[in-house]
Amino acid sequence: MMSTTDWTFNIYRFNPETDQKPTIKSYELQGVDSEMMLLDALLAIKKQDPTLGFRKSCREGVCGSDGMNVDGVNRLSCVTRLSELNNPVEIRPLPGLPVIRDLIIDMEQFYKQYRAVKPYLIGAEPEPEVERLQTPAQRDLLDGLYECILCGCCSTACPSFWWNPDKFLGPAALLQASRFIEDSRDEATHVRLDQLDDAYKLFRCHTIMSCVQVCPKQLNPTRAIGRIKERMVQNKL
Amino acid sequence: MSLIRRRFDALIIGAGGGGLRASLQLSRAEANVAVVSKVFPTRSHTVAAQGGVNAALANVLPDNWHWHMFDTVKGSDYLGDQDAIEYMCRVAPKLVYELEHYGVPFSRLDNGKIYQRAFGGQSQNFGEKQAARTCAAADRTGHAMLHALYQQNIRAKTHFFDEYFATDLIKNEEGAVLGAIVVSIQTGEAMLIEARTTLLATGGAGQIYRTNSNALINTGDGLGMVLRAGIPLQDMEFIQFHPTGIAGIGMLITEGCRGEGGYLVNGDGERFMERYAPNAKDLASRDVVSRSIYLEVKEGRGCGPNKDYVLLKLDHLGADTIMKRLPGIRQSCLTFLGIDPIETPIPVYPTAHYCMGGIPTNRKGEVVMPVKDTPEEPVPGLYAAGECACVSVHGGNRLGGNSLLDIIVFGRAAANEMIEHMKENRYRLPMNEASVEKAMDRLHRWDRKGEGETVDGLKEDLKKAMEDYCGVYRTQELLDKGVEEIGKIRDRLPNVYINDFSRTFNTARIEALELENLVEVAMCTVVSAAARQESRGAHSRVDFPKREDQQWMKHSLYFSEGDRMDYKPVRTKPLTVDSFPPKERVY
Ligand SMILES: Cc1cc2nc3c(=O)[nH]c(=O)nc-3n(C[C@H](O)[C@H](O)[C@H](O)COP(=O)(O)OP(=O)(O)OC[C@H]3O[C@@H](n4cnc5c(N)ncnc54)[C@H](O)[C@@H]3O)c2cc1C
Ligand code: SF4
Ligand code: SF4
Ligand code: FES
């Protein structure tokens with residue numbers, strides 16, 4: 001199915017040292033295989049213009065470095081085929097967070113919300129000599145939650161996060177919160193639920209589902225948020 | 001450029017599993033520790049590890065650490081140090097339980113215990129039946145471990161310098177390490193981190209090859225830093241080619257696939273591993289399986305239109321097993337190949353995967369080098385752990401699942417030793433400004449403007465040369481040519497220029513700094529390989545097909561000054577048990 005075509009990429013460029021405001025720069029790649037991944041296309045473009053800035057690491061969708069907004073949708077470039085995209089391709093940084101340079105955003109606000117949910121297992125002490133037991137069914141509850149790669153695609157697609165990035169935790173952090181609430185080994189469930197019971201932290205989610213549509217790991221933050229709400233009700237009873 | 005200066009007790013360079021296990025130990029001991037990483041911690045390459053981590057828990061089949069030790073020594077082709085291997089295999093269960101306590105979401109057995117799968121080179125009772133020793137969180141074990149370790153570091157309030165790039169170690173005249181120069185990638189500012197103890201945990205260098213399973217950031221920076229500091233690298237000729245990379249791309253398909261019952265077939269539909277390894281078959285050691293695939297293809301029994309790969313069959317395992325135990329692999333196949341392994345076999349071919357060699361350390365994580373008549377004298381203040389280190393527990397060939405173990409065992413051991421060292425040496429040594437200046441000069445080299453070669457151009461030539469001259473099978477002729485070619489590439493480095501001089505997130509400059517390290521590591525690898533005239537583990541010489549224990553059961557040491565080789569003996573004496581003497585290695 002190899003089809004080669006010329007591709008055009010309109011890429012958001014901004015260097016705070018030299019630019020007053022961002023510009024869109026066009027790049028051409030000639031005779032490329034349309035089944036090529038976008039990251040490989042960007043690497044080829046970077047050969048033409050080494051000043052183009054974007055993050056990258058694993059090349060296989062597991063490290064979460066290369067979230068970007070492609071044709072209006074947040075994606076990881078390394079697992080996006082050109083054939084899924086429009087030609088010309090429009091590439092911008094993930095929206096809603098400050099741009100450091102070109103496609104590189106400052107994710108501190110995103111990480112801060114992640115840290116705010118105490119994203120670590122708080123187990124019973126003292127720790128046993130061997131593993132804590134967990135049934136396969138209990139472990140299954142973590143599927144769809146623990147796989148998050150912190151790419152930021154979801155939170156930067158969430159309108160509630162755009163308006164209140166400091167108060168609303170956003171889908172990624174809430175998914176993490178759920179990951180620990182659901183873990184049979186965690187002892188802090190009540191504290192976690194009480195902490196989330198706040199007009200902003202959790203309840204700014206209006207179930208718009210943008211987060212679900214963009215998650216490259218097919219995770220479902222909206223469902224996780226729903227589960228937290230159910231647990232809250234149970235917790236109060 | 002002004003230089004910011006910060007002081008810590010301990011500096012850890014690298015936030016993969018090795019670095020984070022060490023920092024957790026130090027933070028919990030209330031040491032003042034800084035972790036520097038060129039990427040946000042969870043983007044480190046440990047995140048990509050799939051299959052699992054070895055420990056003789058005996059949750060599925062009978063097992064004990066002594067069998068694990070035997071398999072590791074044998075797997076290493078008797079180049080592993082048996083004291084370190086004993087130490088690692090003995091503490092493995094404890095440290096895996098500890099990971100579970102940190103929150104790693106291991107897959108579970110019906111009785112609630114950690115799930116374990118079979119991996120290559122594992123046996124019960126010193127070489128008998130297949131064992132199941134690899135503890136797994138589906139096929140995302142590295143992700144699960146790295147995130148849990150990072151999370152516990154958040155809890156322990158470790159101080160992180162995310163997206164800082166370390167360029168050089170700072171040393172004094174006596175050879176003690178005093179810290180390192182790091183550059184903030186975001187602002188371009190250089191910073192001197194003074195530390196009483198420095199740990200290198202910078203991971204592997206798979207990017208010296210064109211086809212590899214590694215992240216783009218695996219450029220062997222720590223290895224380059226060490227060579228520039230006059231410290232040798234050990235056993236660098238031993239590069240593991242993983243048998244099952246996605247053909248043509250190199251991305252990894254975990255050995256766990258074969259552990260779950262998958263097997264390889266050639267173009268005739270034959271299950272060819274039965275010929276090469278009648279007992280272990282598809283679960284023979286990686287070096288053995290990689291060579292077998294190479295030979296099948298070379299002898300015209302490959303698959304596909306160009307007969308240039310073999311197939312990994314999983315379709316007989318059933319959708320349930322694949323969805324439950326290998327979901328990530330299925331996803332990768334769908335994404336990168338457009339095939340579903342539930343129905344269609346996966347085209348695979350060996351891919352450069354892992355660096356058995358690295359910075360020479362003892363089992364406490366201290367970096368050691370020959371000084372006068374002592375073969376292994378600690379370099380004061382310097383430690384190394386993880387894939388960048390060579391303890392050596394992997395010798396000539398690493399067993400699958402032993403690296404995730406290595407990083408936690410020796411990350412922790414190094415941290416403990418650093419804590420000890422700081423108790424005994426309470427005072428900070430004075431800074432050596434000459435060394436700082438030298439490091440800064442090197443950094444400023446990339447501010448030079450001019451016309452010449454590009455970073456990408458030189459990097460491509462380098463990777464191509466490594467593939468051509470230092471691959472799965474090697475000969476003197478090829479390797480000598482490789483030394484010559486890589487030498488020429490090294491000579492071209494001064495003529496490489498970048499055209500971006502901005503300070504803010506200048507990835508062009510970072511890639512240039514990485515290129516310098518790639519060149520050093522490639523040179524070291526090919527020189528070490530050309531010198532070793534025998535076949536052992538992953539180092540397969542067509543012209544010297546046998547292992548020669550008399551002459552070559554010794555570790556190589558490469559010094560960059562004059563591309564000089566030296567050797568030191570293998571530590572064949574374990575801590576408490578009897579030594580495993582070298583035997584012929586059959587699977
Ligand atoms: C695809 C794949 C699958 C694997 N699967 C398994 C498996 O199932 N089981 C197993 O046991 N092993 C597996 N391995 C091997 C294992 O994952 C690695 O050897 C191990 O994770 C290395 O860990 P590390 O902590 O040493 O380094 P890494 O995780 O690579 O971390 C290196 C760190 O150093 C930092 N760094 C590097 N250079 C610099 C610099 N100049 N300045 C600042 N920071 C720097 C990086 O940012 C990073 O944080 C696999 C490897 C690959 C490639
Ligand atoms: S469902 Fe909630 S979290 Fe997800 S995008 Fe909508 S508002 Fe945001
Ligand atoms: S939930 Fe999905 S989109 Fe959001 S950060 Fe995690 S992996 Fe990325
Ligand atoms: S480069 Fe790691 S997710 Fe794309």
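Because the structure is a prediction, the values reported are computed rather than measured. The chains referred to below are lettered A, B, ... by the order of the sequence lines, with proteins before strands, and numbering in each begins at 1.
- Most heavy-atom pairs under 4.5 Å with chain B, from the set A:A137, A:P128, A:C58, A:C151: that is A:P128.
- Using a 4.0 Å cut-off between charged nitrogen and carboxylate oxygen, A:K47 and B:E460 count as a salt-bridge pair.
- For B:K324, the part sitting under 4.5 Å from any heavy atom of chain A is the side chain, from C-beta outward, and nothing else.
- Heavy-atom distances place the side chain of B:N59, and not its backbone, under 4.5 Å from chain A.
- Counting heavy-atom pairs closer than 4.5 Å to chain B, the top-ranked of the candidates A:E129, A:Q176, A:E60 is A:E60.
- Interface summary for chain B: among A:K118, A:E147, A:Q138, A:R115, the most heavy-atom pairs under 4.5 angstrom belong to A:E147.
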* **side-chain contact (heavy atoms from CB on, under 4.5 Å) between B:R108 and A:D140, intermediate numbers included** => CA-CA 9 Å; B:R108 298 291 173 149; A:D140 282 351; over 6 Å; no
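- Salt bridge status for A:R75 with A:D66: absent, with no side-chain N to carboxylate O gap under 4.0 Å.
- Interface remark: B:D162 contributes no atoms to any contact with chain A (heavy atom separation under 4.5 Å).
- For the set A:L133, A:N15, A:D143, the count of heavy-atom pairs under 4.5 angstrom toward chain B peaks at A:L133.
- Between B:F40 and A:Y111, the distance from one ring center to the other falls under 6.0 angstrom.
- For the atom pair CG (A:D183) and CZ (A:R139), the distance works out to 9.0 Å, reported to the nearest 0.5 Å.
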* Stepwise, does the side-chain contact (heavy atoms from CB on, under 4.5 Å) test hold for B:C135 with B:T141? -> CA-CA 8 Å; B:C135 310; B:T141 315; over 6 Å; no
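- Top candidate by heavy-atom pairs under 4.5 Å with chain A, chosen from B:T504, B:N153, B:I154, B:I498, is B:T504.
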